[in-house]
Each structure stands twice: as C-alpha cells, then as structure tokens.
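All values derive from a computational prediction rather than experimental measurement. FYI, the numbering just counts along the sequence from 1. Ligands are counted one by one from 1 in listed order, and the atoms in each one are counted from 1 as well. Worth knowing before you read on, the calculation uses all heavy atoms, side chains too, and leaves out hydrogens, waters and symmetry mates.
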Amino acid sequence: MRPRPKTFPRAALAAVAVAGLLAAPAVPATAAPGGAAAPGRGGSAAVADLSDVIPLPASVAPSGRPVELGPGTLVRVQAGSPEAAAAAQLLVDLLRPSTGFRLPVVPTDGPDDASRPLSGISLLTDGADPALGDEGYVLEASGRSVVLRAATREGLLHAVQTLRQLLPPAVEARDAQPGPWLVPGGRVEDRPRFAYRGAMLDVARHFMTVEEVQGYVDSLAAYKVNHLHLHLTDDQGWRIEIPGWPRLTEVGAATEVGGGPGGSYTQEDYAAIVAYAAERGVTVVPEVDLPGHANAALVAYPELTCDGVAPEPYTGIEVGFSTLCVDKEVTYDFVGDVVRALAAATPGEYLHIGGDEALVTTEEEYARFMRRVLPLVEATGKTAVGWQELLPLAAGPAGGGPVTVGQYWVPGAPEQPLLDSLARGNRVVMSPADHAYLDMKYAEGFPLGLQWAGFTGVEDAFAWDPATYAEGIGEQDVLGVEAAIFSETLEDLDDVETMAFPRLPGIAEIGWSPRATHDWATYRERLALQGPRWERRGVDYYRSPEVPWAG
Ligand code: NGO
C-alpha cells in the first residue's frame, strides 16, 4: 500500500540521537502569558496564569488573588462520595511528595458544608451542574480555598489534573521542594469536545513492561486522555495470556523486532494495567490484530494456518504477509476464545480487533472473516473497534446492527464504502497517520521513528481538525481522536516518550478543547511550560525548535 523502510541499525541511530538532540538550535525563552511560572525562576514566587493548562479549558475567568497551599491545608471530600474520595487519593499522591505537606483527607461536615467556601482543597459532587456532562468539572480558587466540583469521578480526576498544572512545575518532583504553592485565583469551567481521547501503544513490535505502560498512563492522564489502546498482538509477538491457548505466550511472545526477548502479560499483569489506568480515569482498549498481523499466533499454533505448517518467527518490520486461515473452523474457535477472554478482563466498552492490512486475504475472504468475528465481539456486549478497513463491513444501527467504531489512519480522502458505513450510524476515531501517528519522525534525520506518512512536527500534530480532516467525515461521525505510537523503532518507554512529547499534548488538546480556541501561536507558549514538568517527572521529550522552551 506504501513504501516501507527496511531495517534500523539501532547503534548507529543512538549516535545520531545524541548528536541530533544536542544539535537542536537553542531557542530564546519567551515570556509566558500572564507571568506564568517558568523554569529558571525555580517555581518560586511566580504564579501560573489560569489558562496555562493543556488541554486549554473550555472557559477560564481569572479573578482575585492566588490561593496559597500550606502545611495546614486540608483536603476535604464530599462525605459519602466514593468518587470524591478516589479523586482526593490521586490528588494527595501527586501533591504530598513535592510539597512535603501532610494534606489530611477529611470528610465535609454536612450538606450545607458543600456550599460554604472552605479553607483547603475541597472535592465535591453535590451541586455539580449536569450540563457539564460525564467528564466536566468546575475549579474555583478564591480566598483560602480551592473547590473542585464535578458530578462524576472522571470529572473530579480532570479537575485534579488542572489544579496540578496550575501549581508550579516543582510540584512534579518526587521529593520535597520549597514553595510557595500558589494557585491562581478565578474559575475554570470545563468539559471535553469529544468523548474519546485516546493514545495507542504498540507493545507487540517491542514489548513494554507493566511498569512502562503504567508510566505512560501517568503521562496520558495528565492531559485528560481517557483511553489507552494497547496493540497487544502483531507478527513479531503475542503479548497477552489467553486461557486455553498457552503457547500464544509460551512461544508466540518470545520474539520482537530486532530479535530481543519479547515478553507478555499474564492475566494478572493485564488486570494491574487496567486497574492502574482506571484509577486515573483511563479506560484500556485492548487490540488483537486479526486476521493479518498474526505471524506470532501462527508460530504458536500452526493449525491456524491453511497448510498447517508453522512459519518462522518474525523480527523484521514488514507488514501484510500473514493471516489466520479464514476457511478453518478452528480459527473461529480461537478468535472466540480470545475475544471472550479479553472482554472478561476488560471493564471498558471497547474491544479492538485490528483488521488492517490483511494483504494476503482476498476481499471476499476478509469480509467472510469479519462477518463471523463481529458477532463474536458483539456477543460479549462490547463495542467492536477496528482499523478503517473494517468499517464497510459493519452493519451499523441503520443496517440492524450495533455501532462499530473504525479507526481512520490512512492519510487522505475516505473511500465511499467507509462513508456509507458512517451514514449507517457507525463512528470513527481519527488517527490520520500524517498528523496523529507519533511514530513518524519529527523531521529528516530524527534518530527514532518511521517516515512513510511523512515527517510530523509539533505543529503538524496540533494543527488539524478531526471534523474537517477528511471530506465527508463531519463532527457527528467523530467519536474522538487518538495519538498512535507503533514501536518498530522504539525499544522502551524512553523512546516512546521521546516521540510522544511534545506532540501528544497537541492531540489531547484537539480532543478536549473547543475548536474555536485552537491556535498554534498561543498553544506553543503553553506547551513550553510543560518542559520543566517533564524534566521533574523524568519524562523524556524532544526539545523541538518549534517550541519556545524557557531556559
Ligand atoms: C500502519 C500499520 C502498522 C504499522 C504502522 C507504522 C496500521 C493501522 N497498520 O498503521 O502495522 O506499524 O503503520 O506506522
């Protein structure tokens, strides 16, 4: 379908990496809007501007003096609200190490307490405006109090992330820092543009440990990304234990790109990822890529091939050469078991079945396969998601079926069958590879990444709109956006972070902030403020010359 790079001499790349990063032109520090806390000012007396937040909140009204947190600050949670208690836990886990404050969590005293301004930080569910939807929240900082109010746990978690960005960058440190800890005064009223804001991580081409995935979740949650799509299987490795099919992980997980040892998640590992993500408001969307991209499964279970002969394990980066045998019954026994196991282990609504680049099945075979597999997914009660190739085969509500979600990835205009599918009530998540594939290189010569969809600078990742990107696909068709990272050239979380930051926050902002606020010139100023936060947290990022980093 397109030219692909061949192999990547990793050692040579590492050399370019260092040289390339050091050679990045120094860019003068630009004063941040509103006297924002900037690196170099050491997070001292500076106070952030109320709109120094990514994604930019829907509405911001600064007023009054900053609120200072201190050693006596209490965290007050709505009595009897498990949602508020959960968000308070996340808040104190974030704030205690760097502030060194005890931040005791105490319940509000009674119903009228919720409407009185309290000293400290209050997390309240009573009195939340239903118009703010499932994820909206209000943050008000005035006098001696910061009040976070939302109807849902998700809303309160987002409010916590906003508060975090309104505190100085030193808040990200894991050891005690000098204050003061000032929150700018005023009111933020916020809710997302799209319900689905995702990030995809490919743990198949290079395996990532549970801790690495959890570390990535931390970074995603900071930008209100609410779905983690895990690309769990591909030609190079099968990464998730499936009861009844032990060789998938015993044999099919033992390889990865470049010949490394691979790895896989037990059901317990997967549960640990799901739970960690859920605590941070992130829903896991598991993907098993079918019927193509299946070499690892075929190595483990040769009966899934048409000739019954096991292929060689694959450690290269070509695509489109493998397939489950569409004509064998055992294939559907296998897929049924996989889909049911994943559905049982996944509390979220979505189950992704891949469906891209099935280049060695005919169109008829592909359709036959998917027409059997979609009902298997639907029988689990989950919503099926697939790469855009799947969409034409989904009946959709107008065709008497449920909604299926297609992930749009091929750059350029959609074909008519895809548009027809959307007209039947199916939806898309937009990840066009020329803007939202963060495994593309930033620029010529960048040491990591691919370039089949071109180079994707920081502005390129930010400056597009999912509701106008593709002719015929409008706002009503779009469930949301997703930043995808395939890991052919990315060996570990450090590599992934280098590709994600600073580009991923741009996709998060596209997914969350009102379209009318979308503006590169002001966004890049806000983005620059994230650098010191990543440094404090130990998150790798590329100091792109497109961003006016301070210091
Ligand atoms: C394509 C391909 C993947 C590659 C990726 C690399 C999709 C959906 N299928 O995207 O197998 O890893 O490009 O950018």
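- Heavy-atom contacts of Val319 reach the following atoms of ligand 1: 11 (O) (cutoff under 4.0 Å).
- Between Arg524 and Glu459 there is no salt bridge, since no side-chain N of the basic residue sits under 4.0 Å from a carboxylate O of the acidic one.
- A salt bridge does not link Arg503 with Glu546: none of the charged nitrogens is closer than 4.0 Å to a carboxylate oxygen.
- Side-chain N or O atoms of Arg239 include none that pairs as donor or acceptor with a backbone N or O of His206 at under 3.5 Å.
- Considering backbone and side-chain N/O atoms, Arg205 comes within less than 3.5 Å of an N/O atom of ligand 1.
- Taking 4.5 Å as the limit, some side-chain heavy atom of Pro311 sits within range of a side-chain heavy atom of Thr305.
- Atoms of ligand 1 lying under 4.0 Å from any heavy atom of Glu357, numbered from 1 in the order shown and given with element: 2 (C), 3 (C), 9 (N), 11 (O).
- The atoms of ligand 1 that sit less than 4.0 Å from any heavy atom of His293 are 11 (O).
- At a heavy-atom cutoff of 4.0 Å, ligand 1 is contacted by the side chain of Leu450 but not by its backbone.
- Using a 4.5 Å heavy-atom threshold, the side chains of Asp434 and Trp464 count as separate.
- Heavy-atom proximity to atom 14 (O) of ligand 1, evaluated over Thr489, Leu438, Ile317, Asp439, is greatest for Asp439.
- No salt bridge links Glu475 with Arg515; every basic N to acidic carboxylate O contact stays at or beyond 4.0 Å.
- Contact atoms of ligand 1 toward Met440: 14 (O) (distance under 4.0 Å to a heavy atom of the residue).
- Closest heavy-atom approach to atom 10 (O) of ligand 1 among the candidates Tyr437, Trp452, Tyr408: Tyr437.
- Residues Asp439 and Arg205 are not paired through a salt bridge, judged by the lack of any N-O separation under 4.0 Å between the basic side chain and the carboxylate.
- Listed by atom number, the atoms of ligand 1 under 4.0 Å from Glu488 heavy atoms are 4 (C), 6 (C), 12 (O).
- No heavy atom of Gln407 sits closer than 4.0 Å to any atom of ligand 1.
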